[in-house]
Structures are given as structure tokens and as C-alpha cells.
Amino acid sequence: MNDVLYQYISELVGSENILQNEPMKDHTTFRIGGEAECLLKVPGQDEMIELMKCFHKLETPYYVIGNGSNILVGDKGISGIVLSTSEHMNRISIDGERITVEAGEMLSRVAAVARDQGLSGLEFAAGIPGTIGGAIVMNAGAYDGEMKQIVECVRVVSAEGEVLELDNETMEFGYRTSIIKNRPFIVLEAVLKLRRAGKEEIKAKMDDFTAKRREKQPLEYPSAGSTFKRPEGNFAGRLIMDAGLRGFRVGGAQVSEKHCGFVINVGGATAADVVEVMEEVKEQVKDRFNVELEPEIILLGEF
């Protein structure tokens, strides 16, 4: 980053929110990744909008992350600027059955707030380790629930700095996708429409989902969640297991023995290790079952 750009950004977001040569392993749930040239902790929506205008004008490359729960950062790191929403962009407000929440707030915390307010619809999200922004981009879901069912509208900023309000239909939600997967929009905040229910009923449902996650998923190891999308008419974990790849390991990266749909970091894994495991899994499943597995995790940076 040149001195002029640094000075502008420093005045906009505060020098305390600028981290240079920052290890991305400290910002991903995989605990893997080289250094980012620069990581900015974006203070709020107004600053994000101004950054987009600046970056567009200067043709500055950037990436946006929340909790880093669905990404794998390359061992050679990230050239350019990483914009992190998770530390500051986390305001929540409630109006009747609607919750307005900024992109950087944890999905699990919003679910807990909804529970305490007697609002149902977010129970499925109780154990998902991502932020609202990331959950909306990929239409996160679990246990027959997904963001599509509760998002009323989303406030986004374009790559040029234009602010737009997108309703549920305009979001084009699908399985692990939305309009934002294909357009350079950044989520600023969303309005979630929930429904009234008994707090104990909501809590019981959330506790049940949490128990199932603990029983079936390798939560004791760093990972990026489900590594592959669910193929039509099947399950990635089942195909991987049936291909004889349970426990398959390269370096510190391993197909979980507990749930074959997860590639986990059993200690000291590199991004190259994870990619090698993923490639072997894709090849074996293709050879055995003629099914093309598609990654659910997003690869960022240089490998």
C-alpha cells in the first residue's frame, strides 16, 4: 500500500484498525493461511461505503471476510487488502418480529438474541460459526432451515460504492448461493423476519440441534465446516466414506473420521495439505461414483 492510500485509510478507519503483514491463520476457523498484505477492521457501514468508492477509483484489489469460517487462505498469503467486518460491524436492533443486524455479527449470537426475545426461525443457526454477512452470501443452512426463509431484505454496497436494498426475491437465494456470489456486492446489514414462539420451545430446539452437531461433527478440530456442497440426491460425506477415504491424510490435513464431509486441521496443516486432500477426494469420488464434488469452502489468496 502506498503512503497516500495508507494516509487516507488511516484517517477514515483509524490506524489502530490497520494491520499490515497480518497472519490470516489468526482470522480463519481453519487456523491456516499466510500473511495478508493489509487487513482492515472496518469500523462501520459508512466507512465500508467510502472504502468501496476509494478502491474503485484506484482499482485497488480487496477481499471481504467475516469470521473466516468458510475460507481457506493460501500459504503465500493475500496481496491487496482484506476487509474484516467481524469486530465492529455487529449492531443488532429489534422491532417487533424483525431483527436488523449488521454483517459482522455472529449468526449464533443473533440466534441467541432471537431466542431470548421469544422469536423463532433462527434455531437452525445456533451452532453455525459464521457471520450474518457470510451466511447471507452463501444462504447458510442446517437441519431444514436456511437464511432464505427468514431474510426480508439486505442492504448492500456495490464495488462502485452505491448502496442498494435487495428484497428476498431479488437476492436469488439457492442452495449455498445468492446473487452476491455472482456480483461484487458487500452485505452491510439485513432485516430478518421471524415469528413469535415460546422461549422454552425455541431453546429446546436449539439445544437439540447443538447436541446433534457435537455428536456428528468434528468440532474439536479447526476446519471450515462442510468442505463440499451436497451433490444432488446424495451426501458428500457418504460418498467420501464409501470411497474408502475416512481418515485420509496429507500432512496436517485429514478427512475427519467422525464426519467424512469435513476436512480438518489435526495440527500444523498447510493450505497445500488441504488442497491435496480435496483433490484426492474429488478424484476418487469421481472415479468410483461418477459424481463431481464441488467445494463449499472458498479459496483466497496465493497457493
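Counting heavy atoms from C-beta on, the side chains of Thr227 and Val255 never come closer than 4.5 Å. The shortest side-chain heavy-atom distance between Leu164 and Phe185 falls under the 4.5 Å cut-off. Using a 4.5 Å cut-off on side-chain heavy atoms (C-beta onward), His88 and Lys41 make contact. Here the side chains of Leu51 and Ile49 are not in contact, with every heavy-atom distance at 4.5 Å or above. Here the side chains of Arg214 and Glu220 are not in contact, with every heavy-atom distance at 4.5 Å or above. The side-chain heavy atoms of Leu72 and Val275, taken from C-beta on, include a pair separated by under 4.5 Å. Residues Val157 and Met48 are in side-chain contact: their nearest non-hydrogen atoms beyond the backbone lie under 4.5 Å apart.
Note on Leu192 and Met206: separate hydrophobic clusters, where clusters join Ile, Leu, Val, Met, Phe, Trp and Tyr whose side-chain heavy atoms are under 4.5 Å apart, directly or indirectly. Hydrophobic clustering (side-chain heavy atoms under 4.5 Å, transitive across Ile, Leu, Val, Met, Phe, Trp, Tyr) keeps Val187 apart from Tyr62. By the criterion of side-chain heavy atoms lying less than 4.5 angstrom apart, applied directly or through intervening Ile, Leu, Val, Met, Phe, Trp or Tyr residues, Val110 is not grouped with Val191; the two fall into different hydrophobic clusters. When hydrophobic clusters are built by joining Ile, Leu, Val, Met, Phe, Trp and Tyr residues whose side-chain heavy atoms come closer than 4.5 Å, directly or via intermediates, Phe228 is not grouped with Leu300. The cluster map of Ile, Leu, Val, Met, Phe, Trp and Tyr, joined by side-chain heavy atoms under 4.5 Å apart, puts Ile65 and Val73 in the same cluster.
Shown here is Asp287, whose CG atom has more than 12 heavy atoms of other residues, nucleotides or ligands within 6.0 Å. Counting heavy atoms of neighbouring residues, nucleotides and ligands inside a 6.0 Å radius, atom NZ of Lys286 exceeds 12 of them. Counted within 6.0 Å of CD on Glu152, heavy atoms from surrounding residues, nucleotides or ligands total more than 12; the atom is thus considered enclosed. For Tyr143, the OH atom is densely surrounded, since the number of other residues' heavy atoms within 6.0 Å is greater than 12.
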Show, in sequence, the C-alpha distance, side-chain angles and deciding distance for Arg176 and Glu296, and conclude whether the salt bridge (Lys or Arg N to Asp or Glu O under 4.0 Å) test is met. CA-CA 8 Å; Arg176 299 299 178 265; Glu296 185 168 310; 3.7 Å; yes
Could you please spell out the steps behind the salt bridge (Lys or Arg N to Asp or Glu O under 4.0 Å) verdict for Asp242 and Arg238? CA-CA 6 Å; Asp242 291 347; Arg238 179 184 298 163; 5.5 Å; no
Glu257 vs Arg246, salt bridge (Lys or Arg N to Asp or Glu O under 4.0 Å): CA-CA, chis, key distance, verdict: CA-CA 5 Å; Glu257 296 183 3; Arg246 181 192 294 274; over 6 Å; no
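Judged as a ring pair (Phe, Tyr, Trp, His ring centres under 6.0 Å), and not counting sequence neighbours, Phe173 has no contacts. Glu283 meets the side chain to side chain donor-acceptor pair (under 3.5 Å) test with no other residue; sequence neighbours excluded. Residues passing the ring pair (Phe, Tyr, Trp, His ring centres under 6.0 Å) test with Tyr63, sequence neighbours excluded: none.
Although no hydrogens or angles enter the test, the distance criterion places a donor-acceptor pair under 3.5 Å between the side chain of Thr28 and the main chain of Ile32.
Exactly one of Glu165, Glu189, Glu162, Glu102 qualifies for a salt bridge (charged side-chain N to carboxylate O under 4.0 Å, His left out) with Arg155. That residue is Glu165.
Using a 4.0 Å cut-off between charged nitrogen and carboxylate oxygen, Lys193 and Glu97 count as a salt-bridge pair. Under 4.0 Å is where a charged nitrogen must lie from a carboxylate oxygen, and between Lys203 and Glu200 no such pair does.
Summarising the geometry of Thr85 relative to Gly66, their closest heavy-atom pair is OG1-CA, 3.7 Å, with the distance given to 0.1 Å. Heavy atoms only, all atoms of each residue included: Glu105 and Asn90 are closest at OE2-O, 3.1 Å. Residues Ala142 and Ile128 share a closest heavy-atom pair of CB-CD1, 4.4 Å. Minimum heavy-atom separation, Pro295 to Met278: CB-CE, 3.8 Å. A pairwise comparison of heavy atoms in Ile81 and Phe55 identifies CD1-CZ, 3.7 Å as the closest pair.
Looking at Asn67 and His27, their side chains never bring a donor and an acceptor atom within 3.5 Å of each other. Looking at Glu123 and Ser120, their side chains do bring a donor and an acceptor atom within 3.5 Å of each other. A donor atom on one side chain and an acceptor atom on the other are not found under 3.5 Å apart for Asp207 and Thr210.
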